[in-house]
Amino acid sequence: MALTPTPHDLRALARRAMLEAGFAPDVPPDAAAEVASLDPGPPVASAPQTRDLRGLLWSSIDNAGSRDLDQVEYAERLPSGEIRLLIGIADVDAFVPAGSPIDRYAAGNATSVYTGVVTFTMLPERLSTDLTSLIEGADRLAVVVEFVVGDPAGGGQSGEPRARDVYSALLHNHAKLDYETVGPWLEGSAALPPKFAGTPGLEEQLRLQDQATEWLRELRRRNGALDLETIEASLVTANGVVTDLTVQHKNRARYLIESLMIAANSVIGGLLEDRGSPAIERVVRTPKRWPRIVELAATFGSHLPAEPDSRALADFMERRKQTDPAHFPDLSLAVVKLLGSGEYTLVLPGRDEVSHFGLAAQDYTHATAPNRRYADLITQRLIKATLAQAPTPYSDAELEAIAEHCNERDRAAKKVERRMRKTAAVALMAGRVGQTFDAIVTGAAAKGTFVRLIEPPVEGRVVRGEQGLDVGDQTRVRLLATDFEKGYIDFERV
């Protein structure tokens, strides 16, 4: 739904939001000098055991406009019928030594920030979009995660990643693919993407990866992993002007990458645990607002146990997805809000008692996006130290401090991203004061009650009539006022 374009300088506002949130949007001089001195020549093996895997048909799937490519994938069918998967992760550490000016800059921001109008990359762009990006047509260093999966219908541990291995490799991305064309093709609603025709064997590759993904997802479902589909609103811009908000739905290609990354992250976490290394893991703890989730399920005629049970919740969500797929993203959003956000935590060898509630996963690290997240870069250094049988490069106290800093910066980044979405939405909604909309409650706490409109997908605060509303409730609201400077959108309950 096209709205009135906004002439406001959102790039300048995004920069201001970054500064106010404590981020450094500009590369400091010492880091810029280090970037300028980097040798752009052919990559040099980062370890004596580096394997040359450039002959394999590697490919990547990401957003169409993405240039900071962190992962590539390859699959092969084994004589047993199982599938061997290789996930290549950009070797950022090879170009960003610990303690270097670039590393200090990356550590300070700790994450890339995506404002919709401009991306503030964690690493200088020459690295994240070139030297450490697994771009199409270039040889690159990578850390490869290898594992084998089988059909869960085979019984036993089939479907569980096994024969796990991690090693350094040199590889070549033969095809940069995107979610927008691969997803519909996998779902059977679109023709073969044009790039497949010029890359023999690529179609078979993606079919194999898709098959492995289904096996992995089935195993995760059995273990109680949640299959959620939340709506993400993206800005549409033309010549620097925001003209619309669009909704990005999860398709089969996004599920493919999500499943492979979850498996790769779990393999790395398990390997660190097996080798006695500390790790920074990503966890969603047992939800404190479980009683509200129980209430929400009851409104659909479903019963959940009084104590948190991920398997029971997963079964309920799967039933709702089959029964009412159109409204499933709204229910997913409510459940996500009630589960709470994930956080980084230090886990010491032999003391891993925390699992990721939403993923039903143990030993779950963040390791697959070192161009975008500092925690992933730290994990890469930890895994490379274990492979080299070298001492852990960080003390426990340093890792704990890094985890806390990454948590704080992650929250700050989300705040900046929300602020920019709201600021753009304010400009787009300014001419619709007085109109009414269907909405879902996304937050209810002492600081206020917040809703997201069904169409257009903008968020705001209910400042009148909010009493009695709770997360997950469907309601109808009237737009009362907007404030561009503060990014406020105020509604009243109808």
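Below, each value reflects all heavy atoms present in this structure, side chains not excepted, and no hydrogens, waters or symmetry copies.
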Aromatic rings H172 and H174: how do their planes relate, parallel, tilted or perpendicular, breaks at 30° and 60°?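 Ring orientation, 0 to 90° scale: tilted.
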Side chain to side chain contact (heavy atoms under 4.5 Å, CB included) assessment of N109 paired with Y374: CA-CA 8 Å; N109 285 342; Y374 194 67; over 6 Å; no
Would you please test R84 and E76 for salt bridge (charged side-chain N to carboxylate O under 4.0 Å, His left out) and show each step? CA-CA 5 Å; R84 176 182 287 121; E76 62 183 14; 2.5 Å; yes
So, the side chain of [X] versus the backbone of [Y]: is there a donor-acceptor pair under 3.5 Å, distance only?
X: R461; Y: K447; value: yes
X: N407; Y: A403; value: yes
X: R372; Y: D68; value: yes
X: R140; Y: D130; value: yes
X: E214; Y: Q211; value: no
X: E281; Y: V347; value: no
X: D410; Y: A412; value: no
X: T121; Y: P124; value: no

For residues [X] and [Y], report the shortest heavy-atom separation together with the two atoms involved.
X: F95; Y: D39; result: CE2-O, 4.4 Å
X: A31; Y: Y105; result: CB-CB, 4.4 Å
X: N251; Y: P184; result: ND2-CD, 4.1 Å
X: Q209; Y: A75; result: CG-CB, 3.8 Å
X: P391; Y: A385; result: O-CB, 3.8 Å
X: L57; Y: T199; result: CD1-CG2, 3.7 Å

Heavy atoms, side chains only, cut-off 4.5 Å: are [X] and [Y] in contact?
X: M420; Y: L10; result: yes
X: R67; Y: E125; result: yes
X: E20; Y: R419; result: yes
X: S59; Y: L202; result: yes
X: M429; Y: L453; result: yes
X: L53; Y: L86; result: yes
X: P287; Y: L338; result: no
X: D62; Y: S60; result: no

Out of the candidates T132, N371, T368, only one should pair with D70 under the side-chain hydrogen bond (donor to acceptor under 3.5 Å, both in side chains) rule; please name it.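 Testing each of T132, N371, T368 against D70, the sole residue satisfying side-chain hydrogen bond (donor to acceptor under 3.5 Å, both in side chains) is N371.
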Pairing donors with acceptors under 3.5 angstrom, does anything connect the side chains of [X] and [Y]?
X: S259; Y: T213; answer: no
X: Q49; Y: Y167; answer: no
X: T379; Y: D376; answer: no

Please say whether the positively charged group of [X], taken as NZ for Lys or CZ for Arg, lies over the ring of [Y], i.e. under 6.0 angstrom from the six-membered ring centre and within 45 degrees of the axis.
X: R282; Y: Y344; answer: yes
X: R217; Y: Y255; answer: yes
X: R409; Y: F23; answer: yes

For E203, does the CD atom sit with more than 12 other heavy atoms under 6.0 Å from it, leaving out its own atoms?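 Counting neighbours around CD of E203, more than 12 heavy atoms of other residues, nucleotides or ligands fall under 6.0 Å, so yes.
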Answer yes or no: are there more than 12 heavy-atom neighbours, outside E136 itself, under 6.0 Å from its atom CD?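 Result for CD/E136: enclosed.
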Would you please test D30 and R104 for salt bridge (charged side-chain N to carboxylate O under 4.0 Å, His left out) and show each step? CA-CA 10 Å; D30 58 347; R104 292 195 298 270; 3.2 Å; yes
Quick one: [atom1] on [X] to [atom2] on [Y], what's the gap to the nearest 0.5 Å?
X: T423; Y: F484; atom1: OG1; atom2: CZ; value: 6.0 Å
X: I268; Y: Q380; atom1: CD1; atom2: CD; value: 8.0 Å
X: E73; Y: L134; atom1: CD; atom2: CG; value: 9.5 Å
X: K415; Y: K422; atom1: NZ; atom2: NZ; value: 10.5 Å
X: L69; Y: I135; atom1: CG; atom2: CD1; value: 8.0 Å
X: F147; Y: R164; atom1: CZ; atom2: CZ; value: 11.0 Å

Given side chain to side chain contact (heavy atoms under 4.5 Å, CB included), test V96 with L123 step by step and report yes or no. CA-CA 9 Å; V96 186; L123 295 171; 4.2 Å; yes
Verify side chain to side chain contact (heavy atoms under 4.5 Å, CB included) between V458 and R452, making sure each step is shown before the conclusion. CA-CA 6 Å; V458 303; R452 192 208 68 216; over 6 Å; no
Check against side chain to side chain contact (heavy atoms under 4.5 Å, CB included), I280 and T345: CA-CA 5 Å; I280 293 178; T345 185; over 6 Å; no
Any carboxylate oxygen within less than 4.0 angstrom of a Lys/Arg side-chain nitrogen, looking at R381 and D103?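 Looking at R381 and D103, the cut-off is met.
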Is a salt bridge present between K384 and D91, judged by a nitrogen-to-oxygen distance below 4.0 Å?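 The answer is yes: the pair qualifies as a salt bridge.
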Before giving the answer on salt bridge (charged side-chain N to carboxylate O under 4.0 Å, His left out), spell out for R252 and D210 the whole-Å C-alpha distance, their side-chain angles and the decisive distance to 0.1 Å. CA-CA 8 Å; R252 192 153 180 162; D210 185 55; 3.0 Å; yes
Using the rule given for salt bridge (charged side-chain N to carboxylate O under 4.0 Å, His left out), can you reason through R15 versus D26, listing the C-alpha separation, both sets of side-chain angles and the distance that settles it, and then say yes or no? CA-CA 10 Å; R15 178 182 171 79; D26 300 315; 2.6 Å; yes
